[in-house]
Number of protein chains: 2
Amino acid sequence: MSDGEFDIIARYFDRHVAREDVLLGIGDDAAVLSLPANRRLVIAMDTLVDGVHFPKGTAAADIGYRALAVNLSDLAAMGAQPEWMTLSLCAPVSDPAWFDGFSRGLFELADRYQVALVGGDTVKGPLAVTVQIAGTVEADRWLTRAGARPGDLLFVSGVPGEAAAGLAVIQGSLPVTSATRHLRQRFLRPEPRVSLGRCLRNMATAAMDVSDGLLTDLDKLAGASGCGARIDVDALPLSSALLDTFARDACIDYALAGGDDYELLFTIPPQRVVELPSDVACTQIGVMTEREVQCWRDGNPFVPRRRGYDHFDM
Amino acid sequence: MSDGEFDIIARYFDRHVAREDVLLGIGDDAAVLSLPANRRLVIAMDTLVDGVHFPKGTAAADIGYRALAVNLSDLAAMGAQPEWMTLSLCAPVSDPAWFDGFSRGLFELADRYQVALVGGDTVKGPLAVTVQIAGTVEADRWLTRAGARPGDLLFVSGVPGEAAAGLAVIQGSLPVTSATRHLRQRFLRPEPRVSLGRCLRNMATAAMDVSDGLLTDLDKLAGASGCGARIDVDALPLSSALLDTFARDACIDYALAGGDDYELLFTIPPQRVVELPSDVACTQIGVMTEREVQCWRDGNPFVPRRRGYDHFDM
């Protein structure tokens, strides 16, 4: 027997919420939440579509995890603290095992950041997941893409390109090695840089998360800031997992143009570099300039083969 | 030439927002909003899927309007004031005429309620629209489904059943008359009862919006309140548009079980009925009881043919 919509919500998504600021959670027409007076509300919304944002056949738990991770990453890029989420789940059939896996993946990450699921919608249709995340940030300052200035140093967290390489591993059914397993996980289970974003709030001049590819996203950050940037391709952090699996030039392509990393790209004045937290690897990959986003490699201008990914670039 | 994702957002959705509480709108990783200190945040999220929540071939402007209307209705049921929304639009192709129509329908309603679009996502995939609405409500009181008491009078706004009848008109391609045209519009362009909800905030003991069918939704309200209800079928407000188009028994079916009305169902102590606003027709259709939700017709218990609609009732 299949579950009805209300059974699905009750069984898989309606969990006791320990947060005192959730005045009314799942089960009414809307949720009612209490925001501290000295905080601003920060909201973002991202959708994952089956076969577009993850390969068909991706495990339900990975989809659940990922749907929240990409949203947490948006809040990280603002320097905000995640607080509550709503979920719209569009699924073709009512499969208890699938819902169980999905909710486990979702709550694994939600619990880590103490994010409460406070509402949403469960509908029948082609598989797609939309999460809206709501967070808070101190009223005095939050991060945007718009504050970078020429001379600021350009940093990225983690290893950009691993997620796109991981997708290639999955889609190409590459042999399982510790390297390919690592890359695969980096696509399926991106680590939102929430605590790094919180640290950067009073330190970085601009920040965004890398979802569409490093160069495409850097174009946006530079454009919003009204300046340019120079990337030193030789400074890109290429992991041994990348280099063990792909040729160096392919690794550079993944690093510059691969999407789905959900690392933070940020700019910081040189004198503040010493304040960077040490628990997340951050690499200086370039510097902000007066105009144009350019790549340099071995001391020469370098034109990458592609710059990023646009879901409607048809 | 088709538009890329960022062009679509810039051209159709990124409008100048005059609201001072939108500290950062579309174009960054997230929106930053300012909430008055004495207000609570109220959020809801609803998804419309092509061929499930509206017939395939529905005009883009009607889909845009409806996607917001169903969300405004959720806030209305809480007595909340709508403020901001985010939009996730999943569309199979990048069709400028479609996006233009969709955004016109969406903003027609958004402008009426001064709701600002502050963020979201545009992705490629099967047509589906998710809107998250955020509103505010006074900190002292909001409406829920849970406050009804035996003896409270049961009211509904407008004419429940017209939307389901309108869907039948569309799906059955019934001849165009002023009656069928009215019913059709009631499905395509439901009127969210925002101002009524605001008036009811300090008057009603419980409220919800009728989205899945009057009886199904009344079951939820009565269940949440721990009481029962008795509906007087003869008191249901059947419009001339309904009665001109369908047999009386079919009209009663639509009124009791038809979804998509987005009218408010609410309970109110008898002594407060005089306070009801006069600008929205509200009809007393029953009374809250100790237990069970029952229908009566012509002085006898009446068992309706169906009670409502569950999207996962397969």
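A, B, ... follow the sequence lines: proteins, then strands. Residue 1 opens every chain.
Heavy-atom distances place no part of A/Leu221 under 4.5 Å from chain B, backbone and side chain included. The parts of A/Ala31 that come within reach of chain B are both its backbone and its side chain, each placing non-hydrogen atoms under 4.5 angstrom from that chain. Proximity to chain B is limited to the side chain of A/Leu24, based on heavy atoms less than 4.5 angstrom apart. For A/Ala134, no part sits under 4.5 Å from any heavy atom of chain B, backbone or side chain. Residue B/Ala80: no heavy atom, backbone or side chain, is found under 4.5 Å from chain A. Within the 4.5 angstrom heavy-atom criterion, no atom of A/Val70 approaches chain B. For B/Val22, no part lies near chain A; criterion is any non-hydrogen pair under 4.5 Å. Contact annotation for A/Met78: only side-chain heavy atoms (C-beta onward) come within less than 4.5 Å of a heavy atom of chain B.
Ranked by heavy-atom pairs under 4.5 Å with chain A, the first of B/Asp46, B/Leu87, B/Leu143 is B/Asp46. Between chain A and the residues B/Gly119, B/Ala128, B/Ser88, the largest count of heavy-atom pairs under 4.5 Å involves B/Ser88. The residue among B/Asp209, B/Asp21, B/Asp28, B/Asp74 with the most heavy atom pairs within less than 4.5 Å of chain A is B/Asp28.
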Next on the checklist: Quick one, A/Met45 with B/Thr130, criterion side-chain contact (heavy atoms from CB on, under 4.5 Å). Give me CA distance, side-chain angles, the key distance, then yes/no.
Outcome noted: CA-CA 10 Å; A/Met45 180 191 236; B/Thr130 299; 3.8 Å; yes
Checklist entry - Passes side-chain contact (heavy atoms from CB on, under 4.5 Å), A/Leu41 versus B/Leu41? Steps please. => result CA-CA 9 Å; A/Leu41 177 65; B/Leu41 176 65; 3.7 Å; yes
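Between the CG atom of A/Leu23 and the OG1 atom of B/Thr144 there is a distance of 12.0 Å, given to the nearest 0.5 Å. Between the CD atom in B/Gln132 and the CD1 atom in A/Ile133 there is a gap of 10.5 Å [rounded to 0.5 Å]. The distance from the OG1 atom of A/Thr136 to the CG atom of B/Leu33 is 12.5 Å, given to the nearest 0.5 Å. Taking OG of B/Ser34 as the start and CZ of A/Arg39 as the end, the distance is 14.0 Å to the nearest 0.5 Å.
Among all heavy-atom pairs drawn from B/Arg40 and A/Val32, the shortest one is CB-CG1, 3.7 Å.
Within the 4.5 Å cutoff, side-chain heavy atoms of B/Pro126 are placed close to those of A/Val49. Taking 4.5 Å as the limit, some side-chain heavy atom of B/Ile43 sits within range of a side-chain heavy atom of A/Val118.
Distance alone, capped at 3.5 Å, is enough to place a donor-acceptor pair between the B/Asp121 side chain and the A/Thr47 backbone.
With B/Asp29 as reference, A/Arg145 is the one residue of A/Arg193, A/Lys220, A/Arg145 to meet the salt bridge (charged side-chain N to carboxylate O under 4.0 Å, His left out) rule.
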